[in-house]
Amino acid sequence: MSRPELKNFRRIVVKVGSSLLIDSAAGEVRAKWLAALAADIAKLHADGRDVLVVSSGSIALGRSRLKLPRGPLKLEESQAAAAVGQIALARIWSEVLGHHGIGAGQILVTLQDTEERRRYLNARSTIGKLLEWRAVPIINENDTVATNEIRYGDNDRLAARVATMASADLLVLLSDIDGLYTAPPGANPDAKLIPIVESVTAEIEGMAGAAESELSRGGMYTKIEAAKIATTAGTHMIIASGKADHPLQRITDGGLCTWFLTPANPVTARKRWIAGSLEPKGTLTIDAGAVTALRAGKSLLPAGVIKVEGDFARGDAVIVRGPDTHEIGRGLVAYDADNAEKIKGRSSPDVMVILGITGRAEMIHRDDLVISGSRS
């Protein structure tokens, strides 16, 4: 299979690890390198691409600002360092992208935000709005409230979940290595780079080493796990070296890297998930006009809903039926059952008056809706 090109992707998530972003000896950002990466991002942005960044570095920056001694930190110390470092990290990204006239928005998430449907929808909506405004979301795990021990490497998996949540079609993991090798290249001079992985098989997983081995902790193992998450959701992934300046341009120019390919695409994978993997919690019956609109690719608006059944929460899957009770499709609803009942049949401007809040215009957004007969 031929190697894809960066220019063919519309929405790209770039993951930047602490070891690339922060000079460990000085405890400061590698300013020249970051400026080069920002120029790469700006070029993609100018070409009409949506770009998201998953950035580590808050704990390392916080340690530097607080002048903490070297050595392991307790959980509460890591959390406090992250609280200080996150402010600095957000400012740095804002400034470096601002030089190219690009706005940046900070989003702090936890794994629960990517797994619990209501929080997932909130984060997805925020990311979507930032991209609509042509800003670059800068995303990091919310280390200040993490309840598990903070371990280097978790942002690989987080980046994959963010890519899935944002329906990105490409995830780039910038690393300290060119890609996946048949064996650790530092220990085996005969190790060969694998340029394309068409499927994450047991053999590929074996090349990453065991999860608990010292060499793989936070290293290749978590990247292969990220590849499994991303490719299952229809997102291609790259592992590439971030050591050189302009790492994204280096990929464009044909530099060494490993591509993990998926036969699906984010929309297809998401629609399959909605249609077949989620248990419906309720039913929305809609009028004939709404049926026509949905079949034309529109979102479901409150005005088109004539009946609400079930005890569902925002983010739950519901069945959508036409006035003849025939199933039209399934989707993730944007309102709780009680609020859906209050606003059914009403125009979008009425929603704020009825609920007393500025709600979403759609009962089910088209990206969260799969129409019967179009689930693949």
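What you see is a predicted model, and the numbers here were worked out from it, not measured in a lab.
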Visitor: Please determine whether the number of non-hydrogen atoms from other residues, nucleotides or ligands lying under 6.0 Å from atom CD of Glu132 exceeds 12.
Guide: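 Count over threshold, so yes.
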Visitor: Below 4.5 Å, heavy atoms only, C-beta onward: do Asp156 and Tyr221 meet side chain to side chain?
Guide: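 SC-SC contact between Asp156 and Tyr221 ruled out.
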Visitor: Could you tell me if the side chain of Arg134 sits less than 4.5 Å from the side chain of Asp50, heavy atoms only?
Guide: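 Sidechains of Arg134 and Asp50: in contact.
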Visitor: Are a donor atom and an acceptor atom from the side chains of Asn339 and Arg314 found within less than 3.5 Å of each other?
Guide: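 Per modelled atom types, Asn339 and Arg314 side chains form no pair under 3.5 Å.
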Visitor: Sequence neighbours excluded and cut-off under 3.5 Å, please list the side-chain donor-acceptor pairs for residues 291-311, or say none.
Guide:
residue	atom	partner	partner atom	Å
Thr292	OG1	Ala288	O	3.3
Ser299	OG	Arg366	N	2.9

Visitor: Keeping the roles fixed (side chain from Asn140, backbone from Leu108), state whether a donor-acceptor pair exists under 3.5 Å.
Guide: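 Here the side-chain-to-backbone pair does not exist.
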Visitor: Of the non-hydrogen atoms in Ala36 and Asp245, which two are nearest, and what is the gap between them?
Guide: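 Nearest heavy atoms, Ala36 then Asp245: CB-CB, 4.0 Å.
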Visitor: Please name the pair of heavy atoms, one in Val200 and one in Ala227, separated by the smallest distance, quoted to 0.1 Å.
Guide: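 Nearest heavy atoms, Val200 then Ala227: CG2-CB, 4.2 Å.
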Visitor: Given Leu61, which of Ile92, Val84, Leu66 fulfils the side chain to side chain contact (heavy atoms under 4.5 Å, CB included) condition?
Guide: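 One option only clears the test, and that one is Ile92.
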Visitor: When rounded to the nearest 0.5 angstrom, what is the spacing between CE in Met220 and CD1 in Ile177?
Guide: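 The CD1 atom of Ile177 is 4.5 Å from CE of Met220, to the nearest 0.5 Å.
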Visitor: Do the side chains of Leu193 and Leu173 join up, straight or via other hydrophobic residues, at under 4.5 Å, putting them in one cluster?
Guide: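 Both belong to a single hydrophobic cluster.
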Visitor: Do the side chains of Thr235 and Val13 get nearer than 4.5 Å, heavy atoms only?
Guide: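 Side-chain contact under 4.5 Å: no.
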Visitor: Taking all atoms of both residues into account, what is the closest heavy-atom pair of Asn155 and Ser56, and its distance?
Guide: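 Shortest heavy-atom separation between Asn155 and Ser56 comes out as ND2-OG, 2.8 Å.
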Visitor: For Arg49, give me all partners under salt bridge (charged side-chain N to carboxylate O under 4.0 Å, His left out), at least two apart in sequence or on another chain.
Guide: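 With neighbours one apart ignored, the set is empty.
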Visitor: Decide side chain to side chain contact (heavy atoms under 4.5 Å, CB included) for Leu52 and Leu131; before the verdict, give the C-alpha distance in whole Å, the side-chain angles of both, and the deciding distance to 0.1 Å.
Guide: CA-CA 8 Å; Leu52 303 85; Leu131 295 174; 4.1 Å; yes
Visitor: Any carboxylate oxygen within less than 4.0 angstrom of a Lys/Arg side-chain nitrogen, looking at Asp23 and Lys32?
Guide: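 No.
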Visitor: What distance do Lys43 atom NZ and Lys7 atom NZ have between them, rounded to the nearest 0.5 Å?
Guide: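 Reported to 0.5 Å precision, the distance equals 11.0 Å.
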Visitor: So do Val54 and Val14 actually touch side chain to side chain, heavy atoms under 4.5 Å?
Guide: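 SC-SC contact between Val14 and Val54 ruled out.
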Visitor: Measure the spacing between NE2 of His99 and OG of Ser94 and express it to the nearest 0.5 Å.
Guide: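 The NE2 atom of His99 sits 9.5 Å away from the OG atom of Ser94.
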Visitor: Following the transitive rule for hydrophobic clusters with a side-chain heavy-atom cut-off under 4.5 Å over Ile, Leu, Val, Met, Phe, Trp and Tyr, establish whether Met237 and Leu256 coincide in one cluster.
Guide: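 Yes: a chain of side-chain contacts under 4.5 Å links Met237 to Leu256.
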Visitor: Residues in ring pair (Phe, Tyr, Trp, His ring centres under 6.0 Å) with Phe9, at least two apart?
Guide: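 Only His236, Trp259 meet the ring pair (Phe, Tyr, Trp, His ring centres under 6.0 Å) criterion with Phe9.
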Visitor: To the nearest 0.5 Å, what is the distance between CZ (Phe312) and CG (Asp338)?
Guide: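 If we round to the nearest 0.5 Å, Phe312:CZ and Asp338:CG are 9.0 Å apart.
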Visitor: Taking the side chain as everything from C-beta on, heavy atoms only, tell me whether Leu89 gets closer than 4.5 Å to Leu21.
Guide: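 The answer is yes, as the side chains (C-beta and beyond) meet within the 4.5 Å cut-off.
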Visitor: Given Val51, which of Ile102, Leu97, Leu44 fulfils the side chain to side chain contact (heavy atoms under 4.5 Å, CB included) condition?
Guide: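 Among the candidates, only Leu44 passes.
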Visitor: Between Ile224 and Phe260, does a side chain to side chain contact (heavy atoms under 4.5 Å, CB included) hold up when you go through it step by step?
Guide: CA-CA 9 Å; Ile224 297 302; Phe260 293 81; 3.7 Å; yes
Visitor: Kindly indicate whether the side chain of Asp368, heavy atoms from C-beta on, has any atom under 4.5 Å from the side chain of Arg124.
Guide: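 Asp368 vs Arg124: side chains touch.
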Visitor: Roughly how far, to the nearest 0.5 Å, is CZ of Arg10 from OG of Ser167?
Guide: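 Between atom OG of Ser167 and atom CZ of Arg10 there are 6.5 Å.
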Visitor: Is Ile87 atom CD1 crowded by more than 12 heavy atoms from other residues, nucleotides or ligands, each under 6.0 Å away?
Guide: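 For Ile87, atom CD1 is not crowded (no more than 12 foreign heavy atoms under 6.0 Å).
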Visitor: Can you name the closest pair of heavy atoms from Gly322 and Thr285 and give their distance?
Guide: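 Smallest heavy-atom distance, with atoms named: O-CG2, 3.5 Å.
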Visitor: For Ala166 versus Ile127, what's the shortest heavy-atom pair and its separation?
Guide: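 Heavy atoms of Ala166 and Ile127 come nearest at CB-CG2, 4.1 Å.
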Visitor: Will you find, in the side chains of Asp176 and Ser19, an N or O donor that is under 3.5 Å from an N or O acceptor?
Guide: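 Side-chain D/A pair, Asp176 to Ser19: absent.
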Visitor: Using side chain to side chain contact (heavy atoms under 4.5 Å, CB included), reason through Ile107 and Leu130 one step at a time and then give a plain yes or no.
Guide: CA-CA 10 Å; Ile107 301 177; Leu130 285 170; 3.7 Å; yes
Visitor: Quick one: closest heavy-atom pair of Ala104 and Ile138, and the distance?
Guide: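 Result for this residue pair: CB-CG1, 4.1 Å.
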Visitor: Output, in order, the C-alpha distance, side-chain angles, deciding distance and verdict of side chain to side chain contact (heavy atoms under 4.5 Å, CB included) for Lys15 and Ser175.
Guide: CA-CA 9 Å; Lys15 182 262 179 177; Ser175 177; over 6 Å; no
Visitor: Same hydrophobic cluster for Leu6 and Leu261, using side-chain heavy-atom links shorter than 4.5 Å among ILVMFWY?
Guide: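 Same hydrophobic cluster.
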Visitor: When hydrophobic residues are tied together by side-chain contacts of less than 4.5 Å, even through go-betweens, does Ile274 share a cluster with Ile319?
Guide: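 No, because Ile274 and Ile319 fall into different hydrophobic clusters, even though each may have its own neighbours under 4.5 Å.
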Visitor: First locate atom CD1 of Ile239, then atom CD1 of Ile194, and finally report the distance between them rounded to the nearest 0.5 Å.
Guide: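 Rounded to the nearest 0.5 Å, the CD1-CD1 separation comes out at 10.0 Å.
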Visitor: Taking the side chain as every heavy atom from C-beta outward, state whether Leu284 and Lys344 have any pair of such atoms under 4.5 Å apart.
Guide: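 The answer is no, as the side chains (C-beta and beyond) never meet within the 4.5 Å cut-off.
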Visitor: Under 4.5 Å between side-chain heavy atoms, counting indirect links through other Ile/Leu/Val/Met/Phe/Trp/Tyr residues: same cluster for Ile238 and Ile229 or not?
Guide: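 Different clusters.
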Visitor: Find out whether Arg3 and Cys257 are in side-chain contact, i.e. whether some heavy atom of one side chain is under 4.5 Å from a heavy atom of the other.
Guide: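 Yes, at least one pair of side-chain atoms sits under 4.5 Å.
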